[in-house]
Student: 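Dropping a structure here in structure tokens format, bear with me for questions.
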Amino acid sequence: MSLPDDYEEDMRPLSRFSDRELDGILAGRVPAGGDDLEDLVQHLQALRAVQVAAPGPEVESHHLALVAEAVSSLRGEHLPAEI
């Protein structure tokens, strides 16, 4: 999030925070000077409470297979021969 992207305007309220502080926000901690983010942090905490367990190995394997397939299909078009 340190580099600008297509959502720069949407991310402007968070641009005052370092990457470490943003990691803290995602982990459910309100950084100093971030009182206006209390609702966001509470929302992230609620999401974490619902997703209490990491996905199983079968989900990981499936996702990695999809990524490998996507990379393979792009290799001749946009990517170098070796990544």
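Since this is a predicted model, take the numbers as computed values, not measurements. When reading the values below, keep in mind they use all heavy atoms of this one structure, side chains included, and skip hydrogens, waters and symmetry mates.
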Student: Could you tell me which non-hydrogen atom of Val30 sits nearest to which non-hydrogen atom of Asp35, and how far apart they are?
Tutor: CG1-N, 4.2 Å
Student: Any side-chain heavy-atom pair from Val59 and His63 closer than 4.5 angstrom?
Tutor: yes
Student: What are the two closest non-hydrogen atoms of Leu44 and Leu26, and how far apart are they?
Tutor: CD1-CA, 4.0 Å
Student: Could you tell me whether Glu69 atom CD has more than 12 heavy atoms of other residues or ligands within 6.0 Å of it?
Tutor: no
Student: Show the nearest heavy-atom pair for residues Phe17 and Ala32, with the distance to one decimal.
Tutor: CE2-O, 4.1 Å
Student: Where do Leu66 and His62 land on the side-chain contact (heavy atoms from CB on, under 4.5 Å) test, with the steps shown first?
Tutor: CA-CA 6 Å; Leu66 291 173; His62 180 69; 3.5 Å; yes
Student: Between Arg29 and Asp23, is there a donor-acceptor pair closer than 3.5 Å when you use the side chain of the first and the backbone of the second?
Tutor: no
Student: Okay, side chain of Ser72, backbone of Ala68: is any donor-acceptor separation there less than 3.5 Å?
Tutor: no
Student: Working to the nearest 0.5 angstrom, can you tell me the gap between Leu37 CG and Glu21 CD?
Tutor: 10.0 Å
Student: Do Gln45 side-chain atoms and Gly28 backbone N/O form a donor-acceptor pair below 3.5 Å?
Tutor: yes
